[in-house]
Engineer: 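One structure, pasted below without further comment.
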4 protein chains.
Amino acid sequence: MARKPAEQTVHREEIVRAAAEVFHHKGYRGATMSDIAATVNLTAGSLYHHFPSKEELLIAVLDAGMTQIIAATQAIVQSDAPPADKLRAIARAHISGIITHHHIAVAVIFESRALLEKPGVRAPYVRQRDTLERLYRQVVEEGIAAGAFRALDVGIFVKAFFGALNWVSVWYREDGRLSEREIADEIANTFLAALTKV
Amino acid sequence: MARKPAEQTVHREEIVRAAAEVFHHKGYRGATMSDIAATVNLTAGSLYHHFPSKEELLIAVLDAGMTQIIAATQAIVQSDAPPADKLRAIARAHISGIITHHHIAVAVIFESRALLEKPGVRAPYVRQRDTLERLYRQVVEEGIAAGAFRALDVGIFVKAFFGALNWVSVWYREDGRLSEREIADEIANTFLAALTKV
Amino acid sequence: MARKPAEQTVHREEIVRAAAEVFHHKGYRGATMSDIAATVNLTAGSLYHHFPSKEELLIAVLDAGMTQIIAATQAIVQSDAPPADKLRAIARAHISGIITHHHIAVAVIFESRALLEKPGVRAPYVRQRDTLERLYRQVVEEGIAAGAFRALDVGIFVKAFFGALNWVSVWYREDGRLSEREIADEIANTFLAALTKV
Amino acid sequence: MARKPAEQTVHREEIVRAAAEVFHHKGYRGATMSDIAATVNLTAGSLYHHFPSKEELLIAVLDAGMTQIIAATQAIVQSDAPPADKLRAIARAHISGIITHHHIAVAVIFESRALLEKPGVRAPYVRQRDTLERLYRQVVEEGIAAGAFRALDVGIFVKAFFGALNWVSVWYREDGRLSEREIADEIANTFLAALTKV
DNA sequence: CATGAATGAGAGTTCATTCAT
DNA sequence: GATGAATGAACTCTCATTCAT
């Protein structure tokens with residue numbers, strides 16, 4: 001009772017991207033499997049050949065986003081640049097990630113909440129989130145230890161930094177006044193200024 | 001065929017609070033009218049005597065949140081304290097609002113997105129958001145004009161400040177290491193340090 | 001977005017009867033909630049005001065059937081008629097039940113299998129089934145003890161009796177050659193003859 | 001894009017057995033083509049190289065069951081054993097069939113109902129069922145004619161016999177108290193006792 | 001004002017079936 | 001022959017909303 005010329009095989013990654021886009025625009029609950037399927041020229045039913053459920057699709061989106069930013073951040077943290085440069089690089093990477101993979105970023109930042117109730121599902125995501133936070137902390141602590149930054153509450157500082165960076169996903173417009181790089185640097189400057197010893 | 005002791009008339013405000021709570025925990029789309037009704041010991045049908053739709057309920061929640069924080073911020077901005085004190089007071093008010101009216105705050109920050117598509121509905125909310133941002137800007141510009149703060153990109157600074165403050169709603173725990181006041185001051189200090197002239 | 005003149009309230013029992021009918025004709029899995037709803041002039045969604053799931057509907061059907069026949073059998077077993085009369089009365093009650101509540105009977109006999117996998121659901125049904133079998137056994141054992149029946153394997157005898165009676169639900173036609181009563185008596189005679197001492 | 005060691009060609013009969021097993025455990029509607037395919041290490045799509053539809057698969061299962069038991073019964077009926085021996089042999093063959101080909105038997109007894117609506121499909125099955133019943137009748141009528149059995153309603157008697165035998169499929173357990181043979185003989189004895197002239 | 005039954009429009013998911021490879 | 005991707009129809013269940021009582 002069905003079949004199709006199958007223009008070409010649809011790959012997992014494409015579907016994840018499509019899902020992120022729809023999750024971004026309609027929210028996880030507001031997005032329908034049909035919406036997502038249509039984005040990759042499939043029907044809702046066909047999606048289930050690739051992902052066993054809508055939830056699994058969200059998990060894949062979150063994982064893609066977290067994996068990407070953790071990798072980028074890790075590379076920076078492990079480099080031997082001075083702490084201030086690392087912090088600036090982190091801001092650039094974060095914002096670049098948010099803008100380049102805008103849909104995924106917004107899904108990670110805003111739609112992860114839909115998953116945080118389910119313990120089994122929550123755990124891996126929280127682990128990634130903590131890993132990322134630890135990397136940020138590490139840079140600040142390094143800087144303080146090296147005497148480059150003033151001593152302050154690292155926990156709060158990092159969370160504030162995080163909040164400021166993530167918030168970019170809310171207000172960024174492609175046709176805005178500043179470029180991605182300028183935004184990143186301006187935010188980095190703000191936080192670096194706060195870290196500077198008097 | 002139905003009656004009830006009707007413990008007491010349920011007021012609008014109670015319902016708004018209940019709605020905020022449910023929106024917080026389940027998200028706007030995940031929340032059902034039944035969930036909200038049950039929180040105030042009503043049935044879903046009865047809710048419609050107070051609010052014409054679920055959307056209106058969200059609008060009311062957002063409005064309550066925005067009105068409260070705008071009023072608080074306005075009072076601070078209009079005072080004649082020095083800019084640095086105003087900024088600290090704003091941070092305290094913002095975080096206090098987020099914590100005291102946690103459900104509402106999270107709804108405003110995270111669930112407003114569910115409404116942003118509908119133009120007719122979006123407009124009033126966006127107006128309030130802009131009003132609030134303008135107030136924040138005003139304080140920073142005042143400080144710069146007065147020579148108390150260094151000149152920087154006010155737009156980005158305010159958005160970063162906003163992001164850092166709003167993000168508190170994500171990570172704040174009642175049993176956390178720091179008090180509400182300490183958190184606010186630590187964040188304010190960070191941003192004030194960034195504003196300080198060298 | 002909906003409502004109805006509500007011709008009259010639909011009662012639980014009506015729905016159970018309707019469900020039994022549809023289960024009989026289409027089988028449990030083949031029956032749709034729409035089918036059942038239509039039988040009582042409702043929509044599928046409305047059914048959920050009365051029963052939380054299709055499974056619960058099947059449970060209710062099975063329970064109705066088992067409760068009825070157990071009650072009828074219990075009354076007979078507890079009477080002080082001679083064992084042979086009890087056996088005949090049991091056959092009559094069984095077959096009368098099968099024919100009067102044909103849909104329910106067929107559902108109990110044939111569709112209970114759909115439930116037997118789920119342990120939590122299976123247990124109550126199995127308990128009822130065992131209760132009924134015990135009642136049948138009791139009559140035969142009584143007869144043997146009283147010397148009215150010859151000694152034989154009661155377990156097998158009762159199961160054979162059961163099978164013969166239940167099977168009536170498969171072949172009975174309203175316009176058949178024999179009446180309900182004649183069928184019951186003929187089967188009872190067969191089994192009584194088998195019980196008679198030589 | 002796909003290949004497989006193809007352990008060996010899968011034969012029709014294997015698939016029929018697999019289908020019977022799955023039909024037994026999940027019912028006709030509850031069984032999926034995937035379930036059946038997996039049982040013979042195939043995928044659902046491959047099944048269609050052997051059978052044109054799920055329905056045909058059920059038909060094949062029913063036919064296999066009916067053909068087997070009719071053949072076995074026919075051999076017994078055509079022998080020149082005395083009627084009582086034939087009846088006992090029939091019971092043994094019936095129960096042996098039910099136990100040896102348990103899945104098929106249960107499918108025939110319980111799942112044939114799923115097909116009885118479709119006239120084109122129903123006819124052949126009903127024909128076989130009638131053939132079998134006629135064979136049973138024949139034995140009883142022979143016995144009555146020969147004066148070995150008392151005269152009774154042959155139609156009802158045969159149906160009761162059938163029901164008792166088929167019902168074994170519901171309660172038989174491999175680890176039960178009695179062997180297959182003992183069960184068959186006990187049931188046969190019951191019905192033979194009922195046939196005995198006083 | 002409150003209730004609860006009812007609706008109808010989906011939503012996620014399943015599955016028999018088809019077909020290019 | 002076998003595979004797996006794809007389809008589309010169907011199904012169970014949910015829910016915002018309405019309204020008679």
Side-chain angles (χ1 to χ4, degrees), chain A residues 1-11 29-37 41-55 57, chain B residues 1-10 29-37 41-55 57, chain C residues 1-11 29-37 41-55 57, chain D residues 1-6 9-10 29-37 41-55 57:
Chain A
M1 232 170 229
R3 141 230 41 85
K4 214 196 106 187
E7 320 216 342
Q8 78 188 69
T9 305
V10 178
H11 296 300
R29 315 244 359 183
T32 73
M33 291 302 265
S34 260
D35 291 336
I36 298 168
N41 282 313
L42 284 183
T43 63
S46 306
L47 235 41
Y48 287 83
H49 276 281
H50 304 278
F51 288 89
S53 71
K54 189 181 170 186
E55 186 176 295
L57 220 29
Chain B
M1 213 171 230
R3 218 74 283 286
K4 219 197 93 190
E7 319 217 342
Q8 77 188 73
T9 305
V10 177
R29 318 262 327 204
T32 73
M33 290 301 264
S34 257
D35 291 335
I36 298 168
N41 284 312
L42 286 182
T43 62
S46 308
L47 234 42
Y48 287 83
H49 287 292
H50 303 274
F51 286 88
S53 72
K54 188 180 169 186
E55 188 176 290
L57 222 29
Chain C
M1 234 168 228
R3 141 231 40 89
K4 215 195 108 190
E7 319 217 343
Q8 77 187 71
T9 304
V10 178
H11 295 299
R29 313 237 11 176
T32 74
M33 291 301 266
S34 258
D35 292 336
I36 298 168
N41 281 313
L42 284 182
T43 63
S46 307
L47 236 41
Y48 287 83
H49 275 283
H50 304 276
F51 287 89
S53 70
K54 189 181 169 186
E55 187 176 293
L57 219 30
Chain D
M1 213 170 232
R3 217 77 281 288
K4 219 196 93 189
T9 305
V10 177
R29 316 266 322 208
T32 73
M33 291 300 266
S34 258
D35 291 336
I36 298 168
N41 283 314
L42 285 183
T43 61
S46 308
L47 236 42
Y48 286 82
H49 286 292
H50 303 275
F51 287 88
S53 71
K54 189 180 169 186
E55 188 176 291
L57 222 29

Engineer: In terms of side-chain heavy atoms of B/H49, which of F/dA2, E/dA6, E/dC1 is nearest?
Structural biologist: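 Within the option list, the nearest is E/dC1.
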Engineer: May I have the distance from A/F51 (atom CZ) to E/dG12 (atom P), rounded to whole angstrom?
Structural biologist: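 These atoms are roughly 15 Å apart.
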Engineer: Using a heavy-atom cut-off of 4.0 Å across all strands, would you classify D/S46 as base, sugar-phosphate, or nothing?
Structural biologist: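 Result for D/S46 = base.
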Engineer: When the nearest nucleotide of DNA chain F is assigned to A/A44 and to B/K54 on a heavy-atom basis, which residue is associated with the more 5' position?
Structural biologist: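 Checking each residue's closest nucleotide, the 5'-ward one belongs to A/A44.
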Engineer: Under the side-chain contact (heavy atoms from CB on, under 4.5 Å) rule, collect the residues that match up with C/T32, sequence neighbours excluded.
Structural biologist: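 side-chain contact (heavy atoms from CB on, under 4.5 Å) check on C/T32 returns C/S34, C/D35.
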Engineer: Take A/G45 and D/R29, find for each the nucleotide of DNA chain F with the closest heavy atom, and name the residue whose nucleotide sits nearer the 5' end.
Structural biologist: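 Its nearest nucleotide being more 5', the pick is A/G45.
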Engineer: Work out which heavy atom in D/K54 is nearest to a heavy atom in D/R29; give both atom names and the distance.
Structural biologist: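 Shortest heavy-atom separation between D/K54 and D/R29 comes out as NZ-O, 3.6 Å.
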Engineer: Rounded off to whole Å, could you give me the CE-to-P distance for the C/M33 and E/dG12 pair?
Structural biologist: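 It works out to 20 Å between those atoms.
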Engineer: Nearest 0.5 angstrom please: D/I36 CD1 to D/L57 CG, how far?
Structural biologist: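 Answer for the CD1-CG pair, D/I36 versus D/L57, is 5.0 Å.
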Engineer: Go ahead and write out DNA chain F as dot-bracket, 5' to 3': ( ) for pairs within the strand, [ ] for ones crossing earlier pairs, | when the partner sits on another strand, dots for unpaired; Watson-Crick or G-U wobble, both distances under 3.5 Å.
Structural biologist: .||||||||||||||||||||
Engineer: Which listed nucleotide (E/dG12, F/dT12, F/dC15) is nearest to the side chain of A/T32?
Structural biologist: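 The answer is E/dG12, which lies nearest to the side chain.
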Engineer: Remember a base hit wins even if backbone is also touched, and classify B/A31 as base, sugar-phosphate or nothing at under 4.0 Å, heavy atoms.
Structural biologist: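 Answer is sugar-phosphate: B/A31 comes under 4.0 Å of backbone atoms only.
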Engineer: Looking only at side-chain atoms of A/T43, point me to the closest of F/dA5, F/dT17, F/dT7.
Structural biologist: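 Taking heavy atoms from C-beta onward, the closest nucleotide is F/dT7.
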Engineer: Checking contacts here: which listed nucleotide (F/dT17, F/dA5, E/dT7) is nearest the side-chain heavy atoms of C/L42?
Structural biologist: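 The answer is E/dT7.
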Engineer: For C/L47 and D/G30, take the nucleotide of DNA chain E holding the closest heavy atom to each; which residue's nucleotide lies nearer the 5' end?
Structural biologist: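 In this pair, the answer is C/L47.
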Engineer: Send over the distance from B/N41 CG to E/dC1 P, rounded to a whole Å.
Structural biologist: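 Atom-to-atom, B/N41 to E/dC1, this comes out as 17 Å.
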Engineer: Once you apply a heavy-atom cut-off of 4.0 Å, does C/S53 come out as touching a base, just sugar-phosphate, or nothing?
Structural biologist: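 Answer is sugar-phosphate: C/S53 comes under 4.0 Å of backbone atoms only.
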Engineer: Going from CE on A/M33 to OG on A/S46, what distance comes out if it is rounded to the nearest 0.5 angstrom?
Structural biologist: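 Taking CE in A/M33 and OG in A/S46, the distance rounds to 10.5 Å.
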Engineer: Is any side-chain N or O of A/H50 closer than 4.0 Å to OP1 or OP2 of F/dG4?
Structural biologist: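 No, no such contact exists.
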